[in-house]
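Quick note: residue numbers are just sequence positions, from 1.
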Amino acid sequence: MLDKIARSSAFLAPLLAGEEHAVGLILGTGLGGARDAINARHVVPYAGIPHFPVSTVQGHAGQWIVGEIDGRRVIAMQGRFHFYEGYSMQEVTFPVRVMRALGVKTLVVSNAAGGVNPDFQTGDLMVITDHINLFPEHPLRGKNEDALGPRFPEMAEAYSPRLIALAGEAGRRLDIPLRRGVYAGLQGPSFETPAEYRWIRVIGGDAVGMSTVPEVIVARHAGMECFGLSVITNSASSAKTNHEEVQEAGRLAQPRAIALVRELIRTMYGQTTK
Ligand code: HPA
């Protein structure tokens with residue numbers, strides 16, 4: 001694994017031209033269109049990067065972008081790898097390892113999620129304050145690579161309180177209402193049964209989705225600061241959930257999600273990161 005990370009990052013490193021790129025973005029639902037906000041200097045299809053898995057899910061293009069948002073240097077993944085697609089947890093989280101190897105300090109992730117908090121409505125944006133890991137596999141299972149992070153990483157502030165606060169201020173400045181809540185991550189790909197949605201609420205979830213948790217665990221293992229944003233694309237109380245509904249709600253929420261993340265990046269940049 002260390003070898004693979006080294007080879008992928010050696011391939012991508014020249015694209016950074018020796019400049020620090022402190023922010024890494026995983027453009028999930030809600031942020032796919034942030035691609036247009038990035039002044040891209042390099043766009044590399046995943047297939048061209050050594051050791052990279054290739055993204056297959058409908059609605060997710062797979063490319064690695066190096067560029068700037070409002071003058072701030074960023075690396076962005078357009079399209080991510082989901083566990084339900086059949087990738088191993090090591091594959092799902094590999095790009096985060098590569099980002100870290102390239103010097104990324106802060107990871108910004110978005111996703112689509114079903115709202116199980118009864119106050120939430122379709123189209124809401126939820127700043128993730130914490131997560132519950134319900135995946136059947138753990139990305140850190142197996143021999144620990146001490147060079148990458150500790151055997152038993154703590155997860156007390158997996159989602160940076162500093163960035164949660166900055167996002168709150170950004171939301172107020174831009175007049176974008178924000179929810180806050182706990183993201184329960186499970187493998188999918190079936191949506192939850194009504195009993196499962198109720199269970200997720202009971203155990204403390206506000207929203208549920210099929211991504212983000214593995215990437216954030218690995219980012220924290222690697223000592224990165226994390227920020228997560230969920231687009232509530234459907235409500236657990238509505239009769240049925242389908243992929244089209246999720247995508248449509250994601251599209252509608254996108255301008256707000258992008259505006260918020262741009263403002264967040266503007267304000268996080270230049271401040272000390274952990
Ligand atoms: N459940 C799981 N994942 C999801 C959902 C959901 O209801 N909506 C969007 N992603």
Task: Co-membership, hydrophobic cluster, residues Leu140 and Leu2, 4.5 Å side-chain - done: yes
Task: All pairs passing ring-ring contact (aromatic ring centres under 6.0 Å, His included) where residues 185-224 contributes a residue, at least two apart - done: none
Open item on the list: Checking Asp175 now: which residues fulfil side chain to side chain contact (heavy atoms under 4.5 Å, CB included) with it, not counting sequence neighbours?
Closed with: none
Open item on the list: Could you report the tightest heavy-atom contact between Ala236 and Val116, atom names first, then the distance?
Closed with: CB-CG1, 3.8 Å
Task: Residues in salt bridge (charged side-chain N to carboxylate O under 4.0 Å, His left out) contact with Arg262, at least two apart in sequence or another chain - done: Asp70
Open item on the list: Per the salt bridge (charged side-chain N to carboxylate O under 4.0 Å, His left out) rule, what does the pair list look like for residues 32-47, sequence neighbours excluded?
Closed with: Arg41-Glu68
TODO: Kindly indicate whether the side chain of Leu16, heavy atoms from C-beta on, has any atom under 4.5 Å from the side chain of Ile75.
DONE: yes
Task: Donor-acceptor under 3.5 Å (Arg162 side chain, Leu166 main chain) - done: no
Task: Hydrophobic cluster membership, Leu252 vs Leu174, 4.5 Å side-chain cutoff - done: no
Task: Nearest-0.5 Å distance, CD1 of residue Ile176 to CZ of residue Arg256 - done: 7.5 Å
Open item on the list: If we ignore hydrogens and angles and just use 3.5 Å, is the side chain of Ser8 paired with the main-chain N or O of Ile5 as donor and acceptor?
Closed with: no
TODO: Report yes or no: do Thr106 and Glu225 form a side-chain donor-acceptor pair below 3.5 Å?
DONE: yes
Open item on the list: For Phe94, give me all partners under ring pair (Phe, Tyr, Trp, His ring centres under 6.0 Å), at least two apart in sequence or on another chain.
Closed with: Phe52
TODO: Measure the shortest side-chain to side-chain distance between Trp64 and His42 over non-hydrogen atoms and say whether it is less than 4.5 angstrom.
DONE: no
Task: For the student: nearest non-hydrogen atoms of Pro214 and Val92, plus distance - done: CB-CG1, 4.1 Å
TODO: Can you see which heavy atom on Val231 is nearest to which on Ala253, and at what distance?
DONE: CG1-CB, 3.5 Å
Open item on the list: Taking ring pair (Phe, Tyr, Trp, His ring centres under 6.0 Å) as the definition, give me every residue that meets it alongside Tyr159, ordered by chain and number, with sequence neighbours left out.
Closed with: His131
Open item on the list: Tell me whether Tyr84 contacts the main-chain N or O of Leu186 through its side chain, where contact means a donor paired with an acceptor under 3.5 Å.
Closed with: no
Open item on the list: Check whether Ser88 reaches the backbone of Glu91 with its side chain - one donor and one acceptor, N or O, closer than 3.5 Å.
Closed with: yes
Task: Results of salt bridge (charged side-chain N to carboxylate O under 4.0 Å, His left out) for Arg251 - residues two or more places apart only - done: Glu248
TODO: Please tell me if the side chains of Phe81 and Pro95 come closer than 4.5 Å, counting only heavy atoms from C-beta onward.
DONE: yes
Open item on the list: A side-chain contact here means heavy atoms from C-beta on lying under 4.5 Å apart; do Ile128 and Leu229 qualify?
Closed with: no
Task: Euclidean distance, Ile200 CD1 relative to Leu134 CG, rounded to 0.5 Å - done: 6.5 Å
- [ ] Flag the pair Leu12 / Leu102 as yes when at least one side-chain heavy-atom distance between them is below 4.5 Å, and no otherwise.
- [x] yes
Task: side chain to side chain donor-acceptor pair (under 3.5 Å) contacts touching residues 119-128 (sequence neighbours left out) - done: Asp124-Arg179
Task: With Glu263 via salt bridge (charged side-chain N to carboxylate O under 4.0 Å, His left out) - residues at least two apart - done: Arg173, Arg266
- [ ] Could you grab the distance from atom OG1 of Thr93 to atom CZ of Arg97, nearest 0.5 Å is fine?
- [x] 6.0 Å
Open item on the list: Show the nearest heavy-atom pair for residues Val23 and Val104, with the distance to one decimal.
Closed with: C-CG1, 3.9 Å
Task: side chain to side chain donor-acceptor pair (under 3.5 Å) partners for Ser230, two or more places apart - done: Asn111
- [ ] Any chance you could measure Thr233, atom OG1, to His243, atom NE2, to the nearest 0.5 Å?
- [x] 10.0 Å
- [ ] Give a yes or no answer on whether the side chain of Tyr183 reaches the backbone of Ser211 with a donor-acceptor pair at less than 3.5 Å.
- [x] yes
Task: side chain to side chain donor-acceptor pair (under 3.5 Å) partners for Arg141, two or more places apart - done: Glu137
Task: Basic-acidic side-chain contact under 4.0 Å: Asp206, Arg180 - done: no
Task: Gap separating the CE atom of Met210 from the OG atom of Ser190, nearest 0.5 angstrom - done: 6.5 Å
Open item on the list: Looking at Arg198 and Val202, would you say the former's side chain and the latter's main chain have a donor-acceptor pair under 3.5 Å?
Closed with: no
Open item on the list: Is the shortest side-chain heavy-atom distance between Val109 and Leu107 below 4.5 Å?
Closed with: yes
Open item on the list: Between Ile26 and Ser110, is there a side-chain heavy-atom distance shorter than 4.5 Å?
Closed with: no
Task: Heavy-atom side-chain contact between Glu244 and Gln247 under 4.5 Å - done: no
Task: ring pair (Phe, Tyr, Trp, His ring centres under 6.0 Å) partners of His21, counting only residues at least two apart - done: none
Task: NZ/NE/NH1/NH2 to OD/OE distance under 4.0 Å, Glu20 and Lys105 - done: yes
Open item on the list: Once rounded to the nearest 0.5 Å, what's the spacing between atom CZ of Arg220 and atom CD of Glu215?
Closed with: 15.0 Å
